Amino acid sequence: MTGNGFRRALLLLFGAAMFSCSPRTAGVKADVNAVPAGEIAARVARREAGLASMAGRGSVSFESPERAGSAFFDLSLRKPDSLLMTFEGPFGIGAGFLFLSRQKFVMYSGLDNRVISGIPGPAAIRSVIPMDLTFDQIMDAFTGGFVIPDAVPARYTVDDGKYLLVYAIGGRTHSFWIDPEYDLVVRYEVHAAGGNLVLEMESSQVVTRENLCVPRHVTVNFPDEGRRLSIHYTSLDLNAGDLSFEYTVPAGAHSSSR
């Protein structure tokens, strides 16, 4: 990132969104004796595969020990690799945009007329979204979808009425809670080798439309760092057909690369 001014602008821009649906099969209860772990993972994967794109509007908020901020946004997203968010400040004033793909990111802040662009590696992503999220985790957060590892879980049980699949990966423990009514991961935790919770994602207010299922609200929490990202959709169009990922950087914008 190029200075505190742009970081402050980004934090003021952020504000979140997701949407709601009715259960796929109301009243379903989790039963590990009736459904193998592999079948649960396959159901989640099939549900994820059904969502190819979406357009939405909502708000996003960010909290950290240093500062906090929020903003309204419009979103265009196409899986697996394209996201465009345009931000809106008070009284409908345009505040900037963020374009993100696997090959490129562009972040423009209208507050200080500055644009940052580069390749979306870990350091670059943190410069525009000050949290340790991978590209895929960002896409997961905005779609409410989480990919379950293609592996045998170290633990498979029922917790609080949800299927719980636990995996040991790279010295960390990854836990997924799946709602049996929606085949949706509604909670995801990552614990370090010592047991500390380092990442937590939760989703709620689930909405289904034509066999698609997405949460209206998602939170991403880094307890050790005191950082939290919240996304909430007020409107959403699933598998939207006519999405645009075009953006314009105003002439005279201060430019830097990452």
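Being a predicted model, the structure only gives us computed values, none of them experimental. For reference, positions follow the sequence shown, starting with 1.
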Pairing residues for [X] by the side chain to side chain contact (heavy atoms under 4.5 Å, CB included) criterion, not counting sequence neighbours:
| X | answer |
| --- | --- |
| Thr134 | Asp136, Gln137 |
| Val32 | Tyr156, Val158, Tyr163 |
| Pro250 | Tyr108, Asn113 |

Closest heavy-atom pair and its distance - [X], [Y]:
| X | Y | result |
| --- | --- | --- |
| Ala240 | Ser53 | O-OG, 2.9 Å |
| Val218 | Gly144 | CG2-CA, 4.2 Å |
| Leu197 | Glu200 | CD2-OE1, 4.1 Å |
| Ser61 | Ser70 | CB-CB, 3.8 Å |
| Arg47 | Gly145 | NH2-CA, 4.1 Å |
| Phe105 | Leu100 | CB-CD1, 3.6 Å |

Residue Asp31 excluded, over 12 heavy atoms near CG under 6.0 Å = yes
Stepwise side-chain contact (heavy atoms from CB on, under 4.5 Å) check, Asn196 with His191 = CA-CA 5 Å; Asn196 289 344; His191 290 258; over 6 Å; no
Evaluation steps, side-chain contact (heavy atoms from CB on, under 4.5 Å), between Thr219 and Arg228 = CA-CA 7 Å; Thr219 60; Arg228 182 183 179 91; 3.6 Å; yes
query = Going through the distances and angles, do Glu202 and Ser204 end up as a side-chain contact (heavy atoms from CB on, under 4.5 Å)?
reply = CA-CA 7 Å; Glu202 291 189 272; Ser204 59; over 6 Å; no
message = Treating Asn239 as the side-chain partner and Ala52 as the backbone partner, does any N or O pair qualify as donor plus acceptor under 3.5 Å?
response = yes
Do [X] and [Y] sit in the same hydrophobic cluster, where Ile, Leu, Val, Met, Phe, Trp and Tyr count as joined when their side-chain heavy atoms come under 4.5 Å apart?
| X | Y | answer |
| --- | --- | --- |
| Ile40 | Tyr167 | yes |
| Ile231 | Leu212 | yes |
| Tyr247 | Val115 | yes |
| Ile148 | Val190 | yes |
| Phe142 | Phe222 | yes |

Just distance, no hydrogens or angles: give the donor-acceptor pairs under 3.5 Å from side chains in residues 72-85, sequence neighbours left out.
from	atom 1	to	atom 2	distance (Å)
Asp74	OD1	Arg57	NH1	3.4
Asp74	OD2	Arg57	NH1	2.9
Lys79	NZ	Glu48	O	2.6
Lys79	NZ	Leu51	O	3.1

Looking at [atom1] of [X] and [atom2] of [Y], how far apart are the two atoms once the value is rounded to the nearest 0.5 Å?
| X | Y | atom1 | atom2 | value |
| --- | --- | --- | --- | --- |
| Met107 | Phe97 | CE | CZ | 8.5 Å |
| Leu229 | Met201 | CG | CE | 8.5 Å |
| Ile138 | Thr143 | CD1 | OG1 | 11.5 Å |
| Arg187 | Ser203 | CZ | OG | 11.5 Å |

Using a 4.5 Å cut-off on heavy atoms from C-beta on, say whether the side chain of [Y] contacts that of [X].
| X | Y | result |
| --- | --- | --- |
| Pro215 | Gln205 | no |
| Arg155 | Leu164 | yes |
| Arg43 | Val35 | yes |

inquiry  = Tell me whether Arg46 is salt-bridged to Glu39, with the criterion being a basic N under 4.0 Å from an acidic carboxylate O.
reply    = yes
key: Counterpart residues, ring pair (Phe, Tyr, Trp, His ring centres under 6.0 Å), relative to Phe135 (two or more places apart)   = none
Residue pair Val106, Leu98: steps toward the side-chain contact (heavy atoms from CB on, under 4.5 Å) verdict = CA-CA 6 Å; Val106 180; Leu98 169 64; over 6 Å; no
Less than 3.5 Å apart, which donor and acceptor atoms pair up between the side chains of residues 168-180 and the rest of the protein, not counting sequence neighbours?
from	atom 1	to	atom 2	distance (Å)
His174	ND1	Tyr188	OH	2.8
Trp177	NE1	Asp159	OD2	2.8
Asp179	OD1	Glu181	N	2.8

